[in-house]
Amino acid sequence: MLHQIDEISGIGLHLDLVLRKVQDAYLRKFKELGVELTIEQWVILYRIYQLGEDVSQSDIVKSNFRNRATTSRVIGGLERKGWITKTRFEGDLKRFKLELTQIGQDIIAKVEPYAHVLRKQAIKGLDNDEFETFLKVLDKIGDNYENF
């Protein structure tokens, strides 16, 4: 049993190192493009773009895997940069509507092609079966912590 514990003891470190490499690649590309952008800002900005016209802040919270406070902070930063607007839905004072500004759309247009290349880089050298297994393993690890 001790041997098994030794084999898995570095899993957190290994996951963290891989994640840092991915994040560093994105941050280098943002800098190279002259776009002052964090990973969290990109994820939320791109999610607003993907979800389209009637996206609410609560939609972003649900789909972003971040807590409400963190998401709200990042959205506030995007709003201060002038990349998104945050208004109330007509007739619904409880929900905030998020929309890309022209500047936000320009950022998406500038960054997205490179983000696509970076996403493809992640699976370079993996065949479909390996990638499917990888996703299943990640999902299983996530599930193991879901209600821990």
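These numbers come from the heavy atoms of this one structure, side chains and all, not from hydrogens, waters or symmetry mates. Count residues from 1 along the sequence.
Side chains of F96 and V55 form no contact here, defined as non-hydrogen atoms less than 4.5 Å apart. Using a 4.5 Å heavy-atom cutoff, the side chains of F30 and T38 are not in contact.
The stretch residues 8-35 participates, sequence neighbours left out, in these salt bridge (charged side-chain N to carboxylate O under 4.0 Å, His left out) pairs: D16-R20, K29-E32. Contacts classified as salt bridge (charged side-chain N to carboxylate O under 4.0 Å, His left out) and involving residues 49-59 (residues at least two apart or in different chains) are given here: D54-K97. Applying the side-chain hydrogen bond (donor to acceptor under 3.5 Å, both in side chains) rule to pairs touching residues 128-139 yields nothing, sequence neighbours excluded.
Under the 4.5 Å side-chain heavy-atom criterion for Ile, Leu, Val, Met, Phe, Trp and Tyr, V22 and I39 are members of the same hydrophobic cluster. Put simply, L33 and V43 are part of the same group of oily side chains (I, L, V, M, F, W, Y) that touch within less than 4.5 Å, one to the next. Put simply, V117 and Y49 are part of two different groups of oily side chains (I, L, V, M, F, W, Y) that touch within less than 4.5 Å, one to the next. Hydrophobic clustering keeps W42 apart from L19 (ILVMFWY residues linked when any side-chain heavy atoms are closer than 4.5 Å, directly or through intermediates).
For H116, the side-chain contact (heavy atoms from CB on, under 4.5 Å) test picks out E112, R119, K120, with sequence neighbours left out. Scored by the side-chain hydrogen bond (donor to acceptor under 3.5 Å, both in side chains) test, S63 finds R47 as partners (sequence neighbours excluded). Taking T85 as the reference, nothing meets the side-chain hydrogen bond (donor to acceptor under 3.5 Å, both in side chains) condition, with sequence neighbours excluded. Residues satisfying the side-chain contact (heavy atoms from CB on, under 4.5 Å) test with N67, not counting sequence neighbours, are A69, T70. Shown here are the side-chain hydrogen bond (donor to acceptor under 3.5 Å, both in side chains) partners of K81, two or more places apart in sequence or in another chain: Q41. Q102 meets the side-chain hydrogen bond (donor to acceptor under 3.5 Å, both in side chains) test with D106; sequence neighbours excluded.
In plain terms, the two heavy atoms of A25 and L118 that are nearest each other are CB-CD2, 4.0 Å. In terms of heavy-atom proximity, R95 sits nearest to D92 at NE-OD2, 3.0 Å.
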Could you go through I11 and I141, starting from their C-alpha distance and side-chain angles, then the distance that decides it, and tell me whether this counts as side-chain contact (heavy atoms from CB on, under 4.5 Å)?
CA-CA 10 Å; I11 190 170; I141 289 171; 4.2 Å; yes
Go through the steps for W83 and L37 under the test side-chain contact (heavy atoms from CB on, under 4.5 Å), then give the verdict.
CA-CA 11 Å; W83 296 359; L37 185 63; 3.3 Å; yes
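Distance check: T101 OG1 to E79 CD gives 10.5 Å after rounding to the nearest 0.5 Å. Rounded to the nearest 0.5 angstrom, K86 NZ and E99 CD are separated by 13.5 Å. We find the OG-NZ distance between S56 and K62 to be 6.5 Å, quoted to the nearest 0.5 Å. One distance of note links CG of L98 with CZ of F89; it measures 7.5 Å at 0.5 Å rounding. Here the CD atom belonging to Q121 is positioned 10.0 Å from the OH atom belonging to Y26, to the nearest 0.5 angstrom.
When the options L45, L78, I84 are evaluated for a side chain to side chain contact (heavy atoms under 4.5 Å, CB included) with I107, the one that passes is L45.
Clustering of Ile, Leu, Val, Met, Phe, Trp and Tyr by side-chain heavy atoms under 4.5 Å joins V61 with none of the others. The hydrophobic cluster around L17 extends to L13, counting ILVMFWY residues whose side-chain heavy atoms fall within less than 4.5 Å of a member. Applying the under-4.5 Å side-chain rule to Ile, Leu, Val, Met, Phe, Trp and Tyr, the cluster around I123 extends to L126, F131, F134, L135, L138.
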